[in-house]
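Chain identifiers are assigned alphabetically (A, B, ...) following the order of the sequence lines, protein sequences preceding nucleic acid strands; residue numbering begins at 1 within each chain.
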Number of protein chains: 2
Amino acid sequence: MADETTYKDKKVITIGIVSELTGLSERQIRYYEERKLIFPERTPGGSRKYSFADVELLMEIANKIEDGVQTHEIRKEMIRAQNNLNKEVKRKMIQGQLNAQFGIRNGPFSK
Amino acid sequence: MADETTYKDKKVITIGIVSELTGLSERQIRYYEERKLIFPERTPGGSRKYSFADVELLMEIANKIEDGVQTHEIRKEMIRAQNNLNKEVKRKMIQGQLNAQFGIRNGPFSK
DNA sequence: TAAATATGTTAGATAATCTAACGCAAATTT
DNA sequence: AAATTTGCGTTAGATTATCTAACATATTTA
């Protein structure tokens with residue numbers, strides 16, 4: 001139950017297929033990587049490998065680009081979203097600690 | 001709701017990656033295709049493309065081969081399983097027809 | 001024993017991907 | 001307004017990945 005690596009997150013798709021799936025050119029896909037919006041893995045030989053999650057992300061990126069949002073701005077949004085997720089996780093971890101220690105359910109300081 | 005093509009069934013993985021995922025050699029994977037156990041799609045250029053479902057199937061095949069079952073036998077098993085599925089589908093379709101026509105729920109001839 | 005099975009290996013051809021660089025219009029910043 | 005950045009297209013040459021076909025071979029199976 002620790003390895004929740006589902007199909008969606010396995011990096012197994014080459015750039016040509018990703019291009020087909022997203023409608024983006026390979027140039028565009030590589031460029032978005034250069035702008036740190038996406039992070040494929042590599043084969044030993046150096047070919048890029050993407051996940052279905054990456055494909056979805058690329059389509060979101062494509063939408064924003066169409067709306068005139070710059071990669072730089074998209075990147076900031078993504079970092080913001082990531083930070084919020086991290087905060088969530090930390091909050092839950094602390095909650096878990098308290099639960100483990102004191103079995104607190106809903107005290108006056110919980111939220 | 002007619003297109004229930006999930007990630008699991010999308011043919012997007014090249015043979016090299018499939019080889020990695022399954023531990024089978026590319027030779028073996030192509031051979032099982034020759035024996036009609038698996039049916040990849042092709043890129044316009046002719047490269048094979050597999051799905052995660054294919055990967056799973058290949059691992060089952062590998063297990064049977066290890067157990068000394070021949071491809072010829074495995075193929076018969078698969079056809080049998082497929083036929084059973086078809087029978088199931090037909091049964092349900094007929095049931096659906098009857099339901100639509102007469103609203104039958106559970107008569108003396110149902111089962 | 002003749003035929004079929006299940007691969008490994010090799011060879012040459014083609015397809016797919018890679019990096020790096022040049023160019024350029026449009027948008028943004030200074 | 002001038003300078004810079006953005007978001008690509010395109011090209012070139014190199015490397016990686018995949019393809020088919022054929023030969024070899026040990027092990028079953030008919």
| field | Side-chain N or O of B:Y31 closer than 4.0 Å to phosphate OP1/OP2 of C:dA6 | value | yes
| CG of A:L37 versus P of D:dT6: gap in Å, rounded? | 12 Å
| said: For B:G46 and A:Q28, find the nucleotide of DNA chain D closest to each by heavy atoms; which residue's nucleotide sits nearer the 5' end? | reply: A:Q28
| Any B:R27 side-chain N or O less than 4.0 Å from OP1/OP2 of C:dT9 | no
| field | Any donor-acceptor pair under 3.5 Å from B:E73 side chain to B:Q70 backbone | value | no
| task | Specify the residue among B:G68 and B:R42 whose closest nucleotide of DNA chain D lies further upstream toward the 5′ end. | result | B:R42
| request: May I have the distance from B:I15 (atom CD1) to D:dC19 (atom C1'), rounded to whole angstrom? | output: 9 Å
| remark: Atom CD1 of A:I13 and atom C1' of C:dT17 are separated, to the nearest Å, by 16 Å
| task | Take atom NZ of B:K36 and atom C1' of C:dA4, then tell me their distance rounded to the nearest Å. | result | 17 Å
| field | Whichever of B:P44 and B:S25 has its nearest DNA chain C nucleotide further upstream toward 5' | value | B:S25
| Could you state the CD1-P distance from B:I65 to D:dT27, rounded to the nearest angstrom? | 17 Å
| task | Using whole Å, report how far CZ of A:R75 lies from C1' of D:dT6. | result | 16 Å
| said: Just the rounded figure in Å: distance from P of C:dA16 to CD of A:E26. | reply: 10 Å
| Can we say B:E77 and B:R80 salt-bridge, meaning some charged N sits less than 4.0 Å from an Asp/Glu carboxylate O? | no
| query | Are OP1 or OP2 of C:dA6 and a side-chain N or O of B:Y32 less than 4.0 angstrom apart? | reply | no
| field | Nearest to side-chain heavy atoms of B:T43, which nucleotide of C:dA15, C:dT5, C:dC22 | value | C:dA15
| field | Minimum-distance pair of heavy atoms, taken over all atoms of A:R75 and A:K36 | value | NH1-O, 3.2 Å
| Is there a donor and acceptor pair closer than 3.5 Å between the side chain of B:R48 and the base of D:dT18? | no
| Between C:dC18 atom C1' and A:Y50 atom OH, what is the distance in whole Å? | 11 Å
| query | Given B:S19, which of B:T14, B:I29, B:L24 fulfils the side-chain contact (heavy atoms from CB on, under 4.5 Å) condition? | reply | B:I29
| query | Does a nitrogen or oxygen in the side chain of A:S47 sit under 4.0 Å from OP1 or OP2 of C:dA16? | reply | no
| query | Between D:dT6, C:dT5, C:dT19, which nucleotide gets closest to the side-chain atoms of A:R35? | reply | D:dT6
| field | Residue met sooner reading DNA chain C from 5', once B:Q70 and A:G16 are mapped to nucleotides | value | B:Q70
| request: Indicate the atoms forming the closest heavy-atom contact of B:M78 with B:L57, along with that distance. | output: CE-CD2, 4.1 Å
| message | Any side-chain N or O of A:T14 below 4.0 angstrom from OP1/OP2 of D:dA17? | response | no
